[in-house]
Amino acid sequence: MATKRIVVLISGSGSNLQALIDATASGRIDGRIVSVISNRPDAFGLERARRAGIKAESLDHKTFASRETFDAALQSLIDSHEPDLVVLAGFMRILTPEFVSHYLGRMFNIHPSLLPRYKGLQTHQRALDAGDAEHGCTVHFVTPELDGGPLIVQAVVPVQAGDDANSLQQRVHEREHEIYPLAVEWFCADRLRLLPQGVEFDGHPLPATGHRLDA
Ligand code: GAR
């Protein structure tokens, strides 16, 4: 089994990227991050990549006339690195179906909610407004449906009395840093596969809820 080549896409701070850098550096993940690409040239995550000696590239979406032309350029940049896995780590762009189909079965996203609840933005506030007792985060395969792909792993974060969106977000973030390296570790060990009927883990179908890590 060859060490997997990973490309990470970011738009911002890159704390999930950092968790992946740490888990590859320690040898826990049998993979190498071959490039970090940001659609925002000033994203702090690019600095994290440089500090770790990883190629850091930016492709500013504002310089493209359309979503289609940006995604096509992004796809050729990613493919120049011949990745086995593309990891969306706070990459805040809606992707074209063509782009998503090209990476089907080899692209992950992390989302700050217990999907299928709260697709989209403002997930922490929406969980609070609904009076949920539990919130959390999810790693899933990316399919053309926004935040709708088959689930791999979720971590549950109990909502505490007095939580606001910030405090809840912080605790969810901590658990994101736990489950993203875990999912990437599984993929790089050839333990995860996306099949037409759903996700397979160690040769067995995963339930639609994915793995669930309780609080
Ligand atoms: C994370 O909380 C991630 O779940 C979220 O962006 C944040 C990025 O933080 N992603 C989405 O909302 C995607 N829909 P980071 O830059 O510190 O990793």
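Remember, it's 1-based here, ligands and their atoms both numbered in the order they're listed. Position 1 is the first residue of the sequence; numbering continues from there.
Contact check on Arg175 versus Glu134 returns no salt bridge, with no Lys/Arg side-chain nitrogen under 4.0 Å from an Asp/Glu carboxylate oxygen.
Note: Phe91 and Phe70 have parallel aromatic rings, judged against thresholds of 30 and 60 degrees for the angle between ring planes. In this structure, Phe201 and Trp186 have perpendicular ring planes: the angle between them is above 60°, well past the 30° mark.
The shortest heavy-atom distance from Gly45 to ligand 1 is not under 4.0 Å. Taking 4.0 Å as the cut-off, Met92 counts as a neighbour of ligand 1 on heavy-atom distance. Not a single heavy atom of Ile10 sits under 4.0 Å from any atom of ligand 1.
Taking only non-hydrogen atoms, the option from Ser11, Gly12, Gly14 nearest to atom 16 (O) of ligand 1 is Gly14.
Residue-level proximity to ligand 1 for Gln169 is absent, since no heavy atom of it falls below 4.0 angstrom.
Polar contact check, Asn109 against ligand 1: no nitrogen or oxygen pair lies under 3.5 Å apart.
Ring centroids of His124 and His135 are separated by less than 6.0 Å, placing the two rings close together.
Atom numbering of ligand 1 starts at 1 in the shown order; those under 4.0 Å from a heavy atom of Gly90 are 6 (O), 8 (C). Atoms of ligand 1 lying under 4.0 Å from any heavy atom of His173, numbered from 1 in the order shown and given with element: 1 (C), 2 (O), 9 (O), 15 (P), 17 (O).
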